[in-house]
Each structure stands twice: as C-alpha cells, then as structure tokens.
Amino acid sequence: MTERIVLAYSGGLDTSVAIGWIGEATGAEVIAVAVDVGQGGESLETIRQRALGCGAVEAYVADASDEFANEYCVPTLKANALYQGHYPLVSAISRPVIVKHLVKAAREFGATTVAHGCTGKGNDQVRFEVGIQTLGPDLKCIAPVRDLALTRDKAIAFAEEKGLPIETTKKNPYSIDQNVWGRAVETGYLEDIWNAPTKDIYDYTATPEFPPAPDEVTISFQAGVPVAIDGVKVTPLQAIKELNRRAGAQGVGRIDVVEDRLVGIKSREIYEAPGAMALITAHKHLEDITVEREQARFKATVGQRWAELVYDGQWFSPLKRSLDAFIEDTQKYVSGDIRMVLHGGQAIVNGRRSETSLYDFDLATYDTGDTFDQSQAKGFIELWGMSAKVASGRDIRVAGK
Ligand code: ARG
C-alpha cells in the first residue's frame, strides 16, 4: 500500500507546493489538514478545494475555533501567561491543537507520517514534533522546507511549472502567523531591530496615536473564565473576538520585542493581541481582589514557568499538566466584574466588584468604621524585622574586629 502523509496545510504558497513536493520526494500520498483556529481569511471549503487542486488525495478540515478558545486560550488567560513578560503565546498555543487534529487525521486516513511547513530555525517545528511524539509516538515527522530543500524560489517555480491553483506573485516580505488569540509578524525589514514597524504590518489593531472616543467595557468572569461583556453572555471565543474588535480599534495590545527562541536565536517579533491583552489585564485585576496574597505571589512564578513550558513546546508534558492543576485550583473564587477603559493603546481598569472578594472595606478604610487594630502593628514589625536585625548586629560585630 502507498504510504500516506498528513500535512499541516494553511492554504498558502509553501504548504500548497509542499503537497506535490512531498509526493515527488517520497512517493507518498498526501492528505492536507487545515485547522481553523480563528485566523480569519478564506473559508475552510476554499482551502479544502485548493488542497485537492494541488494534488492532495484527501483534505481534512476542522473548525477548531471554539476548541482553541476553550482549551488553549482560556488556560493561557488563567495563567496570565506572557513569555518573557510580553508575549501572550499566540503561535505557541495553536500548535498543540493543530497537532491533535493532525494525529486524528493520521489515524482516520491511515497515515504513518506527519508533515509541517516550518523552517529549521524556529520554535514551531519543535512544538509540532514534540506534540506528535507525545500524542502519536509511532508517527514520523517530516518538514519539507527543512528536510527536503523546499525554498521560496523553488516553491514559486514549482507552482508555476505545475500550474497549481495558488497565487505566486503576491510577495509578502513578512512571515505571519495569526489566530483568534493574536497575530505574529517577523522577518524582512523587522530583522534590523532599530527599524520601527511600519503601519502596513498591523492588521488586528488601529493606530493608537489617533484613537476614537474612549470605550468603557465591563468584563465578567466566572472561576477565571470570561462569561459576559457589558452584561451580555458570551462564550470564550465570543469574548476574545469582541475584545479583538473593541480593544483593536483603540490600538490596544501592540507588542514589539526581541525574544529568546528555544533554538538559541534572539529574534525580533511584532505581535498584536488586543483581545488577549485586554482579557489578561482584566483577569489579573480580578485575581488581585479574589486570590489570597501568598497564593497570588506563588501563582505569578507558576504562570511564568507555565509560559516557558508552552513556549518551548511542552504543552503535553507532565510538568505543564501539574501546573495546570495548581492554576485551576487558584481560579475557584476568580469571579466578578472588571470595568476598564480602552483608549489610545491602553486598557486601564477603573472598577472591580466580586461576591468572592477578599477586599475588606472596614479593614482598609482610614475613615470611621475602621476595624483594623493599629496597636498590633508595632509588635508585628518588631518580630518581622528580628531576623535581619540579629544578622545586622553580627555584621557590625565582625566588621569591628
Ligand atoms: N516567535 C513566535 C513564537 O515562536 C511567533 C512565531 C510565528 N510563526 C511564524 N511562522 N511567523 O511563538
């Protein structure tokens, strides 16, 4: 029987050419797998037809946008995950959901190998292949750009020679990856890290320098999950989309960073994640009133480690699973409303309320009704400083000898 390969298919030039390229290089039949993670653009049916037109023997398409929002974006939100303090893991969280569908398609169509369009220099190859190793350890992996010398020029020549139903003229100088959680742009002119991004780079956000009137929004959460916007019930997917629209119109969530890739390269990235950044900001502020101090401090460390694991392609790893359990436990009381103003590139919280809040007005107030016994502070401070005071006494004693 002819060997079969499932290919992660985006509908773009490189993966369209990869269908025939892999076929010629290996003699295998190629099954194209397209997964909708809310990237917008063409319909799955259009992509399906193109895959078949480019020589795929089958095309598997999946609308995974709700699955992606519920099972990948929501955990990222609960973790307040920002890799290196900036990046909300846009591409990193989409790879594991695509991997799930690749493995599912491989089983359905009897494939032995999984192919993807990544280069050998990025994180995404790692995320795909480590994910495959975990969910389908018997499956082999192949990357035509990395392993079968499929360069851009060769891809264009191949598409023209074979008359593939794909445009080869539109030359985008950037490498772009996008989904409902955000958009990542890299390479080209951006590789000079002193170059400011030009306007044409952005798509999810309007220029924050010329914002429309301020937009006040109330986001309601239930156990860490966004459930309503301005009192209207929403699914996580709807919440992200609605905030992409409203925060995007105000230029919220533009990020320009040089980040550390897993493969050891520092690389310049432009991200725009208006919905994700507005949600993370709101969620963090709700945690500030609902999560106990020590739990909150520890959670910040856990969230950072979680972000690194996910960035590094360890979505399906045991440690990530354990950290998920911790994070989930912290979310029990993260319910309530956050009001924020979206304006000129910023999402600024100006009100919060929760039935499960730990904020105690009577303890906090400096006005009448104060229930905090200030006389206890003096003794507390004496003991709190004791250890450092003893050490300091020793330092002075030793220095004096
Ligand atoms: N540097 C980011 C990451 O590793 C974004 C990668 C985007 N991928 C792309 N093909 N442009 O998560």
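Just so you know, ligand 1 is whichever comes first in the structure, and atom 1 is the first atom listed for that ligand.
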For residues 110-118, which side-chain N or O atoms pair as donor and acceptor with protein atoms under 3.5 Å away, sequence neighbours left out?
unit_1: Thr112; atom_1: OG1; unit_2: Glu3; atom_2: OE2; d: 2.6
unit_1: Thr113; atom_1: OG1; unit_2: Glu3; atom_2: OE2; d: 3.2
unit_1: His116; atom_1: ND1; unit_2: Cys118; atom_2: N; d: 3.2
unit_1: His116; atom_1: NE2; unit_2: Glu129; atom_2: OE2; d: 2.7

Per-atom contacts of ligand 1 with [X], taking only distances under 4.0 Å to non-hydrogen atoms:
| X | answer |
| --- | --- |
| Glu186 | 1 (N), 6 (C), 9 (C), 11 (N) |
| Asn123 | 3 (C), 4 (O) |
| Ser175 | 9 (C), 10 (N), 11 (N) |
| Glu259 | 1 (N), 2 (C), 3 (C), 4 (O) |

Query - Ring centers of Phe298, Phe326 separated by less than 6.0 Å - result: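 That pair passes the under 6.0 Å test.
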**Report entry** Glu269 side chain vs Ala184 backbone, donor-acceptor pair below 3.5 Å
**Finding:**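 Between the backbone of Ala184 and the side chain of Glu269 there is no qualifying donor-acceptor contact (under 3.5 Å).
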Query - N/O donor-acceptor pair under 3.5 Å between Asn179 side chain and Gln39 backbone - result: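 The answer is no, because no donor-acceptor pair under 3.5 Å joins these two groups.
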Requested in this report: Using a 4.0 Å heavy-atom threshold (strictly under), name the region of Val185 that reaches ligand 1: side chain, backbone, both or neither.
Outcome: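 Neither; no heavy atom under 4.0 Å.
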Can you tell me the protein heavy atom closest to [atom] and the distance?
| atom | answer |
| --- | --- |
| atom 12 (O) of ligand 1 | Tyr87 OH, 2.6 Å |
| atom 8 (N) of ligand 1 | Asp124 OD2, 3.2 Å |
| atom 7 (C) of ligand 1 | Ser91 OG, 3.3 Å |
| atom 2 (C) of ligand 1 | Tyr271 OH, 3.1 Å |

Looking only at distance, does [X] have an N or O less than 3.5 Å from an N or O of ligand 1?
| X | value |
| --- | --- |
| Ser267 | no |
| Arg261 | no |
| Arg127 | yes |

Requested in this report: Verify whether one side chain among Arg254 and Thr205 offers a donor that lies under 3.5 Å from an acceptor in the other.
Outcome: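 There is such a pair (donor and acceptor under 3.5 Å, judged by atom type) between the side chains of Arg254 and Thr205.
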**Report entry** Arg146 and Thr119: side chain donor to acceptor below 3.5 Å
**Finding:**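 No donor-acceptor contact under 3.5 Å links the two side chains.
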Requested in this report: Would you sort out whether Gln84 and Asp260 count as a side-chain hydrogen bond (donor to acceptor under 3.5 Å, both in side chains), showing the intermediate values?
Outcome: CA-CA 8 Å; Gln84 294 187 316; Asp260 284 303; 2.7 Å; yes
Query raised in the report: Going through the distances and angles, do Lys266 and Glu259 end up as a salt bridge (Lys or Arg N to Asp or Glu O under 4.0 Å)?
Result: CA-CA 5 Å; Lys266 283 192 187 291; Glu259 82 189 16; over 6 Å; no
